[in-house]
Amino acid sequence: MTTRLPALLGAHPHAGGAMSASVTVDLSLLWLALSDPPGGSGTGGGSSSGGSGPDPDELERVRALVVLAQGGDQDAFGQLYQRYVQVVYRYIYVRVGSVHTAQDLTSETFIKALRNLSGFTWQGKDIAAWFVTIARNVVNDHAKSSRFRLEVTTEDMRDADTEVEAPEGEVLQRMRDERLLQAVAQLRPEQAECVTLRFVQGLSLAETAEVMGKKENAVKQLQLRAVRALQRALEGEDL
């Protein structure tokens, strides 16, 4: 396959409409999980492995795009990129806490995905977990190469405040979300990744287990410990 992906990704994901200029990370599922009664399972978000799952027609469209892209169709891969760039970017951003680093690693993820797409085998489920698995490896490699430690900075999220005066409620919510991201950053790396996959990405237990290379029961326990740790960290705050 002739790789013309740099042209496709010539602008960072922020440009060209693929991703908004501001940092948009939906934390509503995670807030919902944290609002469970004390001692609850903290499973108020993410799709369950026994749920209805993606729409069959939508899955068939994705499968067709994958087949075309594997055959060298750049437009088909471009459509996959447009479909999943937000998923990959949100995951990477929460892991690295920097807009610019997340942009670079998102581009690197899709370049690696294109190079490895021929080895992908369709198994009747959404390809999102495959893209996130590549993103996970890219982030881990970045962490090793730069002595990176998991931390979330708030500087990038505050940039938007200088551009538009948001209503008071929106500013308060943004501050609340910043505090939650800071708490996630203080979790053990595996716990932080688990809640990111489950409640920011909305992956099922099965998909999260696949990405993390763990059994579903292990993910359940990891998720429970992570949610309880976040509840303790945010104790006394309005959840």
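For the atom pair CD1 (I111) and CG (L114), the distance works out to 8.5 Å, reported to the nearest 0.5 Å. Rounded to the nearest 0.5 angstrom, D126 CG and D55 CG are separated by 11.0 Å. Distance CG/L65 to CZ/R83: 7.5 Å, rounded to 0.5 Å. Within the model, atoms CG of L34 and CG of L27 stand 9.5 Å from one another, a figure rounded to the nearest 0.5 Å. Here W122 contributes atom CH2 and E60 contributes atom CD; the two are 8.0 Å apart, rounded to the nearest 0.5 Å. The CG atom of L180 lies 8.5 Å from the CZ atom of R176; values are rounded to the nearest 0.5 Å.
In this structure R225 satisfies the side chain to side chain donor-acceptor pair (under 3.5 Å) test with no other residue, sequence neighbours excluded. With sequence neighbours left out, T133 forms a side chain to side chain donor-acceptor pair (under 3.5 Å) with no residue at all. Qualifying ring-ring contact (aromatic ring centres under 6.0 Å, His included) partners for Y91, counting only residues two or more places apart in sequence or in other chains: none. The side chain to side chain donor-acceptor pair (under 3.5 Å) check on N140 picks up R95, with sequence neighbours excluded. Remark: A209 pairs with E216, V219 by the side chain to side chain contact (heavy atoms under 4.5 Å, CB included) rule, at least two apart or across chains. Residues satisfying the side chain to side chain donor-acceptor pair (under 3.5 Å) test with Q221, not counting sequence neighbours, are none.
The shortest heavy-atom contact between L59 and G124 is CD1-O, 3.6 Å. Nearest heavy-atom pair across L222 and C194 is CD2-CB, 3.8 Å. Taking both residues in full, the closest heavy atoms of Y93 and V99 are given as CE1-N, 3.9 Å, listed atom of the first, atom of the second, then distance. In terms of heavy atoms, A33 sits closest to Q231 at O-NE2, 4.1 Å. Closest of all the heavy-atom pairs between K112 and N116 is O-ND2, 2.7 Å. Closest approach of A102 to V96, counting heavy atoms only: N-CG2, 4.0 Å.
Side-chain heavy atoms closer than 4.5 Å link hydrophobic residues (I, L, V, M, F, W, Y) into clusters, and following such links, even through other members, never connects V67 to L80.
Taking the side chain as every heavy atom from C-beta outward, L197 and E193 approach each other to under 4.5 Å. When side chains are defined from C-beta on, Y84 does not count as touching T109, because their heavy atoms never get closer than 4.5 Å. Taking the side chain as every heavy atom from C-beta outward, E207 and Q201 never approach each other to under 4.5 Å. I134 places none of its side-chain heavy atoms less than 4.5 Å from the side chain of V88. Proximity of R198 to L203: side-chain heavy atoms (C-beta onward) are nowhere separated by under 4.5 Å. With a 4.5 Å cut-off on side-chain heavy atoms, V227 and F199 count as touching. Two residues are said to be in side-chain contact when any heavy atoms from C-beta on lie closer than 4.5 Å; Q223 and L205 meet this criterion. Taking 4.5 Å as the limit, every side-chain heavy atom of H142 sits out of range of all side-chain heavy atoms of V138.
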Check step by step if side-chain contact (heavy atoms from CB on, under 4.5 Å) holds for V200 and V195.
CA-CA 7 Å; V200 179; V195 296; over 6 Å; no

Between E210 and K125, does a salt bridge (charged side-chain N to carboxylate O under 4.0 Å, His left out) hold up when you go through it step by step?
CA-CA 12 Å; E210 178 182 346; K125 54 188 179 182; 3.1 Å; yes

Set out, in order, the CA-CA distance, both residues' side-chain angles and the distance that settles side-chain contact (heavy atoms from CB on, under 4.5 Å) for L105 and Y89, then state yes or no.
CA-CA 8 Å; L105 297 186; Y89 176 79; over 6 Å; no

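By the 30° and 60° cut-offs, the orientation of the rings of F110 relative to F131 is tilted.
Without hydrogens or angle criteria, T101 side chain to S98 main chain gives no donor-acceptor distance under 3.5 Å.
We find that R63 and E58 are not joined by a salt bridge, their nearest charged nitrogen and carboxylate oxygen being 4.0 Å or further apart.
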